[in-house]
Amino acid sequence: MNQVITHPPGSLELISGDFKGKDILSLDQFSAADLYRVFALAREMKELVLASQPSQLLAGQLVALLFYEPSSRTFGSFAAAVKRLGGQTLDIQNPEVVSSVWKGESFEDTISVFGAYTQAIVLRHPLPGAAQRAAEVANVPVINAGDGNNEHPTQTLLDLFTIYEQFGRLDHLKGLLAGDPLNSRTLHSLIRGLALFEGNTVYLLSPEALRLTRDDLLALRSRGIEIVEIHSEREIPTDCHFWYWTRIQKERLSSLDEYQQLAAASFQVTPALLAERANREMILMDPLPRVGTIDPAVDSDERAVYLRSQIRNGLYTRMALLALILGKA
Ligand code: NCD
């Protein structure tokens with residue numbers, strides 16, 4: 001279950017410059033040019049939002065937000081993105097309680113039903129591969145909003161956009177990725193995204209038990225990105241461009257005991273750590289929720305972008321992606 005590479009090679013449709021009607025399941029569908037296309041449009045969306053300009057780009061479009069796992073930012077930003085562009089959403093959170101899933105309806109039937117009402121389905125699900133299964137069944141595009149410990153491609157769009165806006169490039173960067181590389185889908189997609197650009201290096205800092213599996217480490221390294229596993233805060237290079245902190249994915253562990261042991265061995269960002277190991281130009285990111293990752297005393301530091309641009313960029317990049325997939329941009 002912890003394997004990053006859940007899809008057989010070649011089973012994903014590449015975007016190749018044409019987003020219209022495509023499912024968005026994995027970062028592996030994107031080229032660097034595809035990412036830049038999203039970012040260019042995200043900048044336009046940002047201007048639109050900052051000017052409070054009404055848009056009817058998605059007028060007449062209905063998007064299902066089908067969330068089998070709790071979510072604040074991803075759900076909220078997709079809903080805001082559709083509505084900001086004049087579209088509507090059909091919101092189903094916890095379908096296992098509030099829909100016919102409760103009566104025993106199969107996942108496939110639920111997907112077919114909501115696909116019949118809407119122009120796209122945004123799906124969050126606890127099982128790796130669920131989005132790909134949904135895409136096989138649905139007759140509308142499916143956007144993976146997080147499938148178990150596998151991938152979270154739209155999170156990576158906003159993360160890379162945030163880094164790009166800060167440094168003006170996505171190549172020859174150094175990043176620290178901390179927390180839970182084994183189970184964090186945001187990290188799995190982010191490493192794939194960074195591997196699309198030349199000369200990137202990431203340092204992975206986590207308790208021993210939460211390292212990437214050997215197979216995944218080798219598979220990701222073979223894409224050309226340099227991945228260095230480090231074991232303590234003292235090994236954090238002081239010239240990193242970004243730090244990206246993730247929480248321990250409690251819900252993917254087998255027991256509360258295991259979680260408590262790992263939490264005790266995990267690393268936290270404090271003002272002292274920033275003062276010791278960070279430089280003035282870097283940015284500090286977190287996909288949130290923040291659970292044991294970053295001391296709130298750090299929030300007022302201007303390098304802390306997790307409650308600021310990183311959040312807002314989720315809205316702009318999702319507006320851009322939806323417009324592209326629905327053939328409106
Ligand atoms: C992440 C997720 O759900 O994978 N949250 C998010 O979408 N912003 C990270 C997490 O839950 O830890």
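All figures in this text were calculated on a predicted structure; none of them were measured in a lab. Remember, it's 1-based here, ligands and their atoms both numbered in the order they're listed.
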For this session: Below 4.0 angstrom from a heavy atom of His152, which ligand 1 atoms are there? Numbered from 1 as shown, please.
Result: 2 (C), 4 (O), 6 (C), 7 (O)
Exercise. Tell me, do Val122 and Val82 make a side-chain contact under 4.5 Å, heavy atoms counted?
Worked result: no
For this session: Kindly say whether Ala42 contributes a backbone atom to a donor-acceptor pair with the side chain of Thr317 at under 3.5 angstrom?
Result: no
For this session: Quick one: do Thr110 and Glu105 satisfy side chain to side chain donor-acceptor pair (under 3.5 Å)? Show the steps, please.
Result: CA-CA 7 Å; Thr110 306; Glu105 182 173 71; 2.8 Å; yes
For this session: Would you please determine whether Thr186 falls within less than 4.0 Å of ligand 1 on a heavy-atom basis?
Result: yes
Problem set entry | Short side-chain donor-acceptor distance under 3.5 Å, Gln166 and Ser309 | no
Problem set entry | Mode of Gln249 contact toward ligand 1 - side chain, backbone, both, neither (heavy atoms, under 4.0 Å) | side chain
For this session: Using only heavy-atom distances, determine whether the side chains of Thr89 and Asp91 contain a donor-acceptor pair under 3.5 Å.
Result: yes
Exercise. Which atoms from ligand 1 have a heavy atom of Arg247 less than 4.0 Å away?
Worked result: 10 (C), 11 (O), 12 (O)
Exercise. What is the ring orientation for His241 with Phe167, classed by angle as parallel under 30°, tilted 30 to 60°, or perpendicular over 60°?
Worked result: perpendicular
Seminar exercise, completed: Within 4.0 Å of some non-hydrogen atom of Thr74, the atoms of ligand 1 are 6 (C), 7 (O)
Problem set entry | Residue, atom name and distance, where the atom is the protein heavy atom closest to atom 8 (N) of ligand 1 | Pro287 O, 2.9 Å
Exercise. With atoms numbered from 1 as shown, which atoms in ligand 1 lie under 4.0 angstrom from a non-hydrogen atom of Arg124?
Worked result: 2 (C), 3 (O), 7 (O)
Problem set entry | Numbered atoms and elements of ligand 1 in range of Gln155, under 4.0 angstrom, heavy atoms | 6 (C), 7 (O), 8 (N)
Problem set entry | Ligand-residue contact atoms, ligand 1 with Leu288, heavy atoms, under 4.0 Å | 1 (C), 5 (N), 6 (C), 8 (N), 9 (C), 10 (C)
Problem set entry | atom 3 (O) of ligand 1 - nearest protein heavy atom and its distance | Arg185 NH2, 2.9 Å
Problem set entry | 4.0 Å heavy-atom contact, Pro289 with ligand 1 | yes
For this session: Hey, can you tell me if Trp243 and Trp245 have their rings parallel, tilted or perpendicular (30° and 60° cut-offs)?
Result: tilted
Exercise. If we ignore angles and hydrogens, is there a donor and acceptor under 3.5 Å between the side chains of Asp34 and Ser31?
Worked result: yes
